[in-house]
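What follows is a set of notes on a single structure, which appears directly below.
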Amino acid sequence: DQQVKQNSPSLSVQEGRISILNCDYTNSMFDYFLWYKKYPAEGPTFLISISSIKDKNEDGRFTVFLNKSAKHLSLHIVPSQPGDSAVYFCAATTTSGTYKYIFGTGTRLKVLA
Amino acid sequence: NAGVMQNPRHLVRRRGQEARLRCSPMKGHSHVYWYRQLPEEGLKFMVYLQKENIIDESGMPKERFSAEFPKEGPSILRIQQVVRGDSAAYFCASSPQRDRGRQPQHFGDGTRLSIL
């Protein structure tokens, strides 16, 4: 039972353009969402998060949008840079519980120079 | 990923042996989570511990796997009588006691376990 889904295993984008990574979830109890970036042979690195009381959070080139009615979130990277090439995981949790994260299967982003 | 230290980075075991994975959380963090990543999959929650307590082990296999976080020293994930299906990357994450709802978990670089 995959509660968090990333339906695009890979995405290629030209340098300077926008990258949009998508994530869907099924559990309406999730109220905190995060995006992590992962390079090979390293651990996930936190990028940005959003609480369910918001619909948008911005940090530099990264913006996360949350659509609660659609149970959908997306990560926008503008402008995309070659160093952004990595696997991106979305994660969800319930802050009234133990804060364990439920991860999607990841999207491999390749930014072409 | 400075802060959360995992060792060893790579561990090779033969079927039937024991594997011990260690995790030292970031300074000031008292909550430790273990996740497992199988090839081509996302990370899956295994267990959540505070000092000397297992809080949530709902993701742990019922047999052969155990975890501890003693008062002194690192958290240990122990796998007894390893099988080929245990081959995976095991990640540890830590978070502070306060404001956990607004503080993301910080991950170590993982231990890659290979079973021969």
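None of the values given here were measured: they were computed from a predicted structure. Proteins come first, then strands; the chains are lettered A, B, ... in the order of their sequence lines, and each starts at number 1.
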Looking only at heavy atoms, which two atoms of [X] and [Y] are closest? And how far apart?
X       : Y        : result
A/Tyr36 : B/Pro104 : OH-CB, 3.7 Å
A/Pro44 : B/Gly108 : CD-O, 4.5 Å
A/Ala41 : B/Arg9   : O-NH2, 2.7 Å
A/Lys38 : B/Phe91  : CE-CZ, 3.5 Å
A/Gly43 : B/Asp109 : N-OD1, 3.0 Å

Is [Y] reachable from [X] through a run of I, L, V, M, F, W or Y residues, each pair having side-chain heavy atoms under 4.5 Å apart?
X       : Y       : answer
A/Ile77 : A/Leu11 : yes
B/Ile55 : B/Tyr35 : yes
B/Tyr48 : B/Val32 : no
B/Leu49 : B/Met26 : no
A/Phe62 : A/Val64 : yes

Within a strict 4.5 Å, meaning less than it, do heavy atoms of the [X] and [Y] side chains meet?
X        : Y        : result
A/Tyr101 : B/Lys44  : no
B/Phe45  : A/Phe103 : no
A/Tyr99  : B/Tyr33  : yes

[X] atom [atom1]: more than 12 heavy-atom contacts under 6.0 Å:
X       : atom1 : answer
A/Arg17 : CZ    : no
B/Lys51 : NZ    : yes
A/Lys5  : NZ    : no
B/Gln80 : CD    : yes

Counting only non-hydrogen atoms closer than 4.5 Å, does A/Tyr39 touch chain B with its backbone (N, CA, C, O), its side chain (CB onward), both, or neither? neither
Might you work through the side-chain contact (heavy atoms from CB on, under 4.5 Å) test for B/Leu43 and A/Phe89, ending with a clear yes or no? CA-CA 9 Å; B/Leu43 285 74; A/Phe89 291 97; 4.3 Å; yes
Checking the side chain of B/Asp56 only, and the main-chain atoms of A/Thr98 only, is there a donor and an acceptor separated by less than 3.5 Å? no
Counting only N and O atoms by type, is there a donor-acceptor contact under 3.5 Å from the side chain of A/Gln6 to the main-chain atoms of B/Gly42? no
Hey, what do you get for CD (B/Gln103) to OG (A/Ser49), rounding to the nearest 0.5 Å? 9.0 Å
Chain A heavy atoms under 4.5 Å from B/Gln37: which part of the residue, side chain, backbone, both or neither? side chain
